[in-house]
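In what follows, a structure is listed as structure tokens, so that the remarks can point back to it.
So you know, we letter chains A, B, ... as the sequences are listed, proteins then strands, and number each from 1. Computation of the quantities below employed the complete heavy-atom set of this structure, encompassing side-chain atoms and omitting hydrogens, waters and symmetry-equivalent molecules. Note that the coordinates shown come from a computational prediction; the quantities given were computed from them, not determined experimentally.
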2 protein chains.
Amino acid sequence: MPTTAKPATDAVVAPGKGRGRRAARASGDDRERAILETAERLLEERPLSEISVDDLAKGAGISRPSFYFYFPSKDAVVLTIVDRLVAAAAGSREEALATLAQGEPRAGLRRGLEDLYAAFRARRAVTLAAAELRMTNPEARELWAEVMEGWVADVTAVIESERAKGAAPPGPPAREMATALVQMNERVQYAAFAGESPALEEDRVLDVLVDIWLRAIYGTADPG
Amino acid sequence: MPTTAKPATDAVVAPGKGRGRRAARASGDDRERAILETAERLLEERPLSEISVDDLAKGAGISRPSFYFYFPSKDAVVLTIVDRLVAAAAGSREEALATLAQGEPRAGLRRGLEDLYAAFRARRAVTLAAAELRMTNPEARELWAEVMEGWVADVTAVIESERAKGAAPPGPPAREMATALVQMNERVQYAAFAGESPALEEDRVLDVLVDIWLRAIYGTADPG
DNA sequence: GAACTGTATCAACACCGTGTCGAGTGGGTC
DNA sequence: GACCCACTCGACACGGTGTTGATACAGTTC
């Protein structure tokens, strides 16, 4: 069963609360949505650091002070968006894990990583903004840490189970290996999304990652 | 032979030029050094985003406008420091490569990764600042891209050579594999330096990374 | 329909960080 | 002693953030 980590998060991850408006229920919901949509739209054009509160307010058809009625800061807007993306991705994960554990490792692993990759790739602007925000915002760091923690725990369990079954040879502590592999995925995917200069082509990312995972875990790219 | 990439970099990487003062040679060298030292010192206390030009100026015993006589911006200061760190690390790389190619893969690889790891670990504050700066500063992005490019090229060459020798089995294109592995190292090391929550202990980083590299390249953790 | 309550709005303000301009100052040199 | 040139900094303009207080307007509630 996938680990969900500290309960302190619930307030943070909850849909419209905590990060959102102060109370409200009236037509101002439209404005809140307009702000979120403006943010997503602008993030596809330029990095978070080049978007101001005023840009978001103008984009949503309100003044800058009005913006603060809906969100306490620019960061809060992005965190709300990232919350939702992460929640959506979490859905994929559950599914992926089921597929993975039993049956053929290669196909299973690929399907698992595929769903995650697809989820973030489909919202690359948000993914990149999350990474940017993580550098300066402790809340963003915390949120992402929990996401990573979940994946690492899952992968650790899979590795241990495969080793117990005798399907995978022994090696470094499963959790350490899982941590490195999950972090590799994060970095490789980010580089591909950002179009960095040494980076994998977007349609090569999965092939290469799956191959390295299999070799790392099973000692061969084609385990039986 | 290690690749050094585009020559456009020379201006950027050159020690006291381009990024440094406008002309000068007199005693103001002290002030320039004082600024650089202040920056390094403050970076050990708090992230780059929480350090202002005024902090650097005060730390160097000058006023804020005077700061601009020596550096065009806060970013330029950090870039100068990173330039130097990167240049120092490049020294290790040359050495490392020689050790690596011939002899026992495991020991060779470990020594190679070790030097790099040690170089960045010894200046972790600068390393973290470089990562932070990379998010918002194109010049920093460029500089780091070149560094990564160099490593990827070297590792690609090693993998191809081992495959040609028959020491390593075939697999995904060497360059793709090298890219993923180098990016994994970057991310895992960063997480360890930053003390992220799912992260390897600092004294476990090398063991785990070497193991994954060996399995990825040779199909076994104990080639030879 | 008047008084009240809570949502929603924004002009004006206080604040902070950046980068520039222009008026200096003081040591070296011809 | 006139002149440079490295060097310094007060004062400014600008742009971003977040807050305050006055106001408008929509529903109750009596």
Side-chain angles (χ1 to χ4, degrees), chain A residues 16-36 38-39 42-43 45-80 129 132-133 135-140, chain B residues 16-36 38-39 42-43 45-80 129 132-133 135-140:
Chain A
K17 284 185 60 185
R19 200 112 62 213
R21 200 162 357 146
R22 310 206 228 279
R25 59 182 27 66
S27 77
D29 278 351
D30 300 341
R31 261 62 208 288
E32 185 168 329
R33 272 186 33 247
I35 292 173
L36 292 168
T38 302
L42 292 182
L43 281 174
E45 292 168 10
R46 50 183 196 269
L48 179 58
S49 58
E50 287 170 25
I51 297 173
S52 71
V53 170
D54 203 46
D55 293 334
L56 297 180
K58 286 235 163 54
I62 56 178
S63 71
R64 207 167 57 77
S66 289
F67 167 92
Y68 288 102
F69 179 80
Y70 295 98
F71 293 94
S73 68
K74 179 178 78 175
D75 288 7
V77 175
V78 178
L79 278 173
T80 300
E132 194 181 338
L133 195 57
M135 286 288 120
T136 55
N137 185 303
E139 223 177 326
Chain B
K17 283 186 61 184
R19 201 114 61 213
R21 200 159 1 140
R22 309 208 229 279
R25 61 184 23 68
S27 77
D29 278 349
D30 300 340
R31 261 67 209 281
E32 184 170 330
R33 272 187 31 247
I35 292 174
L36 292 168
T38 302
L42 293 182
L43 281 174
E45 292 168 11
R46 49 184 196 270
L48 179 57
S49 59
E50 288 170 25
I51 297 173
S52 71
V53 170
D54 203 45
D55 293 333
L56 297 180
K58 285 234 164 52
I62 55 178
S63 71
R64 207 166 56 77
S66 289
F67 167 92
Y68 288 102
F69 178 80
Y70 295 99
F71 293 94
S73 69
K74 178 177 80 175
D75 287 8
V77 175
V78 178
L79 278 173
T80 301
E132 194 181 338
L133 195 57
M135 286 287 119
T136 54
N137 185 302
E139 224 178 326

Closest to the [X] side chain, choosing from [options]:
| X | options | answer |
| --- | --- | --- |
| A/Y68 | D/dC9, D/dG18, C/dT9 | D/dG18 |
| B/F69 | D/dC7, C/dG19, D/dG18 | D/dC7 |
| B/S66 | D/dT8, D/dT17, D/dT20 | D/dT8 |

Mind calculating the distance between [atom1] ([X]) and [atom2] ([N]) to the nearest angstrom?
| X | N | atom1 | atom2 | value |
| --- | --- | --- | --- | --- |
| A/F67 | C/dC10 | CZ | C1' | 15 Å |
| B/R33 | D/dC7 | CZ | P | 14 Å |
| A/R31 | C/dT7 | CZ | C1' | 12 Å |
| B/I62 | D/dA6 | CD1 | C1' | 13 Å |
| A/D30 | C/dT9 | CG | P | 10 Å |

Min side-chain heavy-atom separation A/F71-A/T80 under 4.5 Å: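 Result yes, sub-4.5 Å side-chain heavy-atom pair found.
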
Side-chain heavy-atom pair A/E132, A/S49 within 4.5 angstrom cut-off: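 Of all side-chain heavy-atom pairs linking A/S49 with A/E132, at least one is under 4.5 Å.
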
Of B/R46, B/R64, B/K74, the residue whose pairing with B/D55 passes salt bridge (charged side-chain N to carboxylate O under 4.0 Å, His left out):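 Only match with B/D55 under salt bridge (charged side-chain N to carboxylate O under 4.0 Å, His left out): B/R46.
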
Donor/acceptor link under 3.5 angstrom from B/R64 side chain onto base of C/dG19: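 For B/R64, whose side chain was compared with the base of C/dG19, there is a donor-acceptor pair (under 3.5 Å).
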
Spacing of A/I35 atom CD1 and A/I62 atom CD1 [to the nearest 0.5 Å]: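 Nearest 0.5 Å value for the CD1-CD1 distance: 4.0 Å.
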
Any residue of residues 52-59 of chain A with a heavy atom less than 4.0 Å from an atom of DNA chain C: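 Under 4.0 Å from DNA chain C: no residue of residues 52-59 of chain A.
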
